[in-house]
Every structure is written in C-alpha cells, then in structure tokens.
Amino acid sequence: MTILGMCRPFRDPWDRVSERCFRCFPCLSDPARRSSLGLKVALVILHLIYVGVLFLFDSDLIEKTKKEPWYTAIYLLLFVATVAQYFFTSGSSPGYVLDAMRAANETDAIFRKTSTTSKQPASSKNGSYVITVEGSQSGKNPLGSNATSWTKLVMDMYPPGSSVRSWTCTNCNVLQPPRAKHCHDCDKCVLQFDHHCVWLGTCIGQGNHCRFWWYICEETALCLWTGILYISYLKANISRAWWMDAIMIVLLVTLSISLIFLLLLLLFHSYLVATNQTTYELVRRRRIPYLRGIPERVYPFSKGVCTNLYEFCFARSSIYRMEPLPSAQELEIKSRPYTCLDVLTCRCC
C-alpha cells in the first residue's frame with residue numbers, strides 16, 4: 001500500500017496526459033493500432049539512422065554531392081519513394097470479401113432497376129467498384145430470383161453440387177469465393193489471400209499484392225545502394241577512427257542480413273506472380289480442398305507468364321476480380337508437359 005501511495009502522484013498526471021492524447025488521436029486508444037503505429041515509426045527511424053550515419057561520417061560523399069548533386073538526389077529520391085511506398089502499401093486495402101459482397105449487391109440492385117443484361121459490366125452506385133468473373137464462368141448470369149446476387153455469383157465458381165455451407169466462413173458468416181481466406185489477425189476474409197504482414201500491419205491480398213511487390217523491390221534497391229556506399233566508406237576510411245569504423249561495420253552486417261532476406265523475398269514473390277499463386281496456396285496446397293487433388297507442378301490459376309504479369313501489374317484496384325475453379329479439361333491441358341511447338345506458339349506465355 002505504501003508503494004502504491006508513493007506512485008499515485010506520478011500516475012495521476014500520466015493518466016491525464018494519456019486521456020488527452022487518446023482524445024486527440026483516437027487510434028492510439030486501440031492497443032493493436034498503437035503497436036502498429038509504433039512499428040511504423042521505428043521502421044522510419046531505422047531508415048533515417050542508416051542514411052543519416054552515412055552522411056554524418058562520410059565526408060567524401062559530401063564532397064561528391066557538391067560535385068555531382070544528381071547522384072545524391074537520385075539516392076534520396078529512392079529513399080523517399082521507399083518510405084512513401086511503405087505507408088502507401090500499409091494503408092491500402094487487400095480486398096475484403098465483405099466489400100466485394102456489398103458491391104455485388106449494389107450491382108444487383110442497379111441491374112434490377114435498369115433491367116440491363118447481366119453480360120454487360122455493371123458498376124456500383126458510386127461508380128467506384130466493378131465486379132468481374134474471369135474464365136469460362138463469366139458468361140453465366142450471376143443474378144437469380146431465389147438466391148442473393150452474391151450467393152449465385154460465388155456458387156457458379158465452384159463445381160456443380162457444391163454445398164454453400166462448405167464454403168461459408170464460420171467467423172464472418174459470409175460465402176467465400178475461391179482463393180479467399182479468413183485472416184485471424186484482421187478478423188476479415190480476404191480475396192486472393194497471400195499472407196498477413198506484421199511489418200506492414202495489414203494483410204496482403206488481391207488489392208495490394210502489386211504494391212507490396214513494388215515496396216520489396218524499392219527496399220531491396222535501397223539496401224543494395226546503401227550497402228555499396230558503406231563499403232566504399234570503409235575502403236577509404238578504415239584506419240581513421242576505430243569507433244566510427246565499428247559503428248559502420250555493425251550497420252553493414254545488419255544491412256547485409258536484411259538485403260539477403262529481401263532478395264529471397266523478392267525472388268519468391270516474383271515466382272508467385274509469374275505462376276499466379278499465393279503464399280498460402282503454395283504452403284498449404286495439400287490442405288486446401290480445391291487444390292488437394294491437383295499435381296504439384298500444375299498451376300491451376302495460371303494463364304501464362306505474360307498474362308499473369310499483365311493482370312498483376314495493370315489490373316485496376318477498383319475491380320474485384322474473382323476466378324472460378326478450373327474445370328477438369330482445363331487442368332488436363334495445363335498438366336501436359338511443354339514441347340518445342342508449345343514454346344514456339346508461346347503456350348507457356
């Protein structure tokens with residue numbers, strides 16, 4: 001009791017400051033959002049430390065900046081672009097199933113009011129979202145009189161005879177289209193779920209996978225360029241001040257470890273993009289019901305490298321793209337080994 005009584009005078013002002021801070025910034029009252037914000041601030045500070053120490057210690061770089069300002073300007077531009085891409089990616093939506101379902105219901109309402117044909121693309125009321133279904137199922141009418149628009153749309157993507165209960169999320173109580181998964185960290189179902197990124201504080205899915213790839217690419221280029229500048233400094237100033245060299249060596253070692261991790265991550269996601277896969281589908285392939293019976297070397301959702309890259313890079317973020325499960329005939333065609341004629345006719349592309 002004595003200890004608590006001694007600490008009370010210090011706790012009361014701190015509680016008042018915390019309450020005022022939470023009123024000004026409501027996001028800080030949520031522990032999850034507060035930790036995510038702290039992680040973002042720590043990451044920015046880490047970037048500033050690596051770049052700031054370089055300009056603080058390396059006098060040759062300062063002289064080079066005076067003679068060739070374009071070199072340092074490009075480096076700083078890459079630094080700013082990397083940090084901006086980090087916040088842009090972390091604040092973007094991965095594409096939630098609930099949002100797609102609302103857009104589909106709005107499309108259904110507009111369809112019934114205007115009595116247009118279902119084969120023409122219809123947008124939502126505010127014109128910001130479009131629902132598209134790829135593959136051979138796109139010609140089907142997603143709207144039905146006895147079922148909701150979303151249920152009819154999603155069930156047409158699964159094989160005939162599939163049960164609605166089998167593909168309904170028990171947490172969100174929403175019907176999941178193929179390739180969607182419930183994220184327990186975000187507590188939402190994500191379209192084309194890849195993984196939940198702790199560093200970004202958000203899921204990586206259909207809506208932000210391209211932004212995530214570009215962030216990794218920019219971060220890798222920044223780490224590589226910074227590492228080259230660190231090595232150049234150590235070659236020219238290895239015997240001037242031992243404490244400065246020690247700081248630079250420690251930073252260089254941690255930077256090299258980060259660079260190796262980023263390079264492997266960039267190559268891994270480039271492979272996923274080229275084959276139209278996700279991390280979840282690759283890692284849990286044998287546990288996912290619609291992928292369980294498909295051979296390992298067959299990529300069921302791949303449309304060729306060129307088409308996969310085009311859709312990944314140039315697909316509009318305002319479109320919810322949902323891919324139906326491939327038919328047995330399509331899987332048989334994709335399981336055939338490539339021949340010289342297939343390469344000449346660009347079947348692999």
Side-chain angles (χ1 to χ4, degrees), residues 92-101 103-104 129-138 140 142 150-159 162-172 174-186 188-197 202-213 268-269 271-296 298-305 307-313 315-328 330-331 334:
S92 60
S93 171
Y96 296 113
V97 175
L98 284 175
D99 295 336
M101 184 178 67
Y129 295 109
V130 178
I131 302 293
T132 62
V133 182
E134 301 179 358
S136 59
Q137 305 286 341
S138 59
K140 291 188 177 183
W150 180 252
T151 303
K152 183 66 176 175
L153 178 68
V154 173
M155 290 312 298
D156 282 343
M157 301 179 192
Y158 289 104
S162 299
S163 174
V164 176
R165 188 174 299 178
S166 302
W167 307 108
T168 301
C169 176
T170 56
N171 297 280
C172 299
V174 63
L175 186 60
Q176 293 180 336
R179 314 190 73 183
K181 182 187 177 296
H182 183 84
C183 176
H184 294 281
D185 294 292
C186 299
K188 292 181 181 180
C189 292
V190 179
L191 290 170
Q192 203 166 321
F193 175 83
D194 189 88
H195 71 285
H196 182 87
C197 184
T202 185
C203 277
I204 304 301
Q206 182 190 95
N208 59 359
H209 197 178
C210 182
R211 298 169 185 172
F212 177 72
W213 187 91
F268 175 70
H269 277 274
Y271 165 73
L272 294 178
V273 171
T275 55
N276 196 8
Q277 295 186 91
T278 63
T279 302
Y280 174 70
E281 291 174 344
L282 184 66
V283 175
R284 300 295 183 92
R285 181 158 184 156
R286 295 183 179 180
R287 297 186 180 182
I288 301 176
Y290 58 81
L291 295 177
R292 195 173 297 160
I294 302 176
E296 294 287 338
V298 177
Y299 311 118
F301 299 104
S302 177
K303 306 176 185 65
V305 177
T307 306
N308 293 338
L309 292 176
Y310 176 80
E311 292 185 354
F312 181 80
C313 297
R316 290 188 302 166
S317 59
S318 61
I319 295 180
Y320 292 112
R321 292 176 291 106
M322 293 182 288
E323 305 174 65
L325 294 180
S327 62
E330 292 174 340
L331 290 175
K334 292 180 180 181

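Scope of the values below: all heavy atoms of this structure, side chains included, with no hydrogens, waters or symmetry mates.
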- Any side-chain heavy atom of T202 sitting closer than 4.5 Å to one from S92? no

- Message: Between E296 and R286 (salt bridge meaning N to carboxylate O under 4.0 Å), is one present in this structure?
- Response: yes

- Could you walk me through whether K303 and E330 pass the salt bridge (charged side-chain N to carboxylate O under 4.0 Å, His left out) test, one step at a time? CA-CA 11 Å; K303 306 176 185 65; E330 292 174 340; over 6 Å; no

- Query: Heavy-atom count around Y310 OH within 6.0 Å, excluding the residue itself: above 12?
  - Reply: no

- Smallest separation among heavy atoms of R285 and P295, with atom names: NH2-O, 2.7 Å

- May I have the step-by-step check of side chain to side chain contact (heavy atoms under 4.5 Å, CB included) for K188 and C183, ending in yes or no? CA-CA 6 Å; K188 292 181 181 180; C183 176; 6.0 Å; no

- Could you state the interatomic distance from NE2 (H182) to SG (C172), rounded to the nearest 0.5 Å? 4.5 Å

- According to the interplanar angle, ranging from 0 to 90°, do the rings of F212 and H195 count as parallel (below 30°), tilted (30 to 60°) or perpendicular (above 60°)? perpendicular

- With sequence neighbours excluded, tell me which residues meet side-chain contact (heavy atoms from CB on, under 4.5 Å) with I288. Y280, E281, R284, Y290, L291

- Task: Would you kindly say whether H196 and H184 are connected by a side-chain donor-acceptor distance under 3.5 Å?
- Result: no

- Message: For the SG atom of C203 and the CG atom of D194, what is their distance to the nearest 0.5 Å?
- Response: 9.5 Å

- Task: Supply the atom-to-atom distance L331 CG to I294 CD1, rounded to the nearest 0.5 angstrom.
- Result: 5.0 Å

- State, to 0.1 Å, how close W150 and V97 come at their nearest heavy-atom pair, and which atoms those are. CZ2-CG1, 3.7 Å

- Query: To the nearest 0.5 Å, how far apart are CD in Q192 and CG in N208?
  - Reply: 11.0 Å

- Message: Can you list everything that forms a ring-ring contact (aromatic ring centres under 6.0 Å, His included) with Y271? Sequence neighbours excluded, please.
- Response: none

- For N308 and T275, test the side chains for any donor-to-acceptor distance below 3.5 angstrom and give the result as yes or no. no

- What are the two closest heavy atoms between P178 and L325, and how far apart are they? CB-CD2, 3.8 Å

- Using the test side-chain contact (heavy atoms from CB on, under 4.5 Å), find all partners of L98 that sit at least two apart in sequence or belong to another chain. M101, R102, V174

- Item | Point-to-point distance, once rounded to the nearest 0.5 Å, from CH2 of W167 to CD of Q176 | 9.0 Å

- Validate the cation-pi geometry between R179 and F193: distance from NZ or CZ to the six-membered ring centre under 6.0 Å, angle to the ring axis within 45°. no

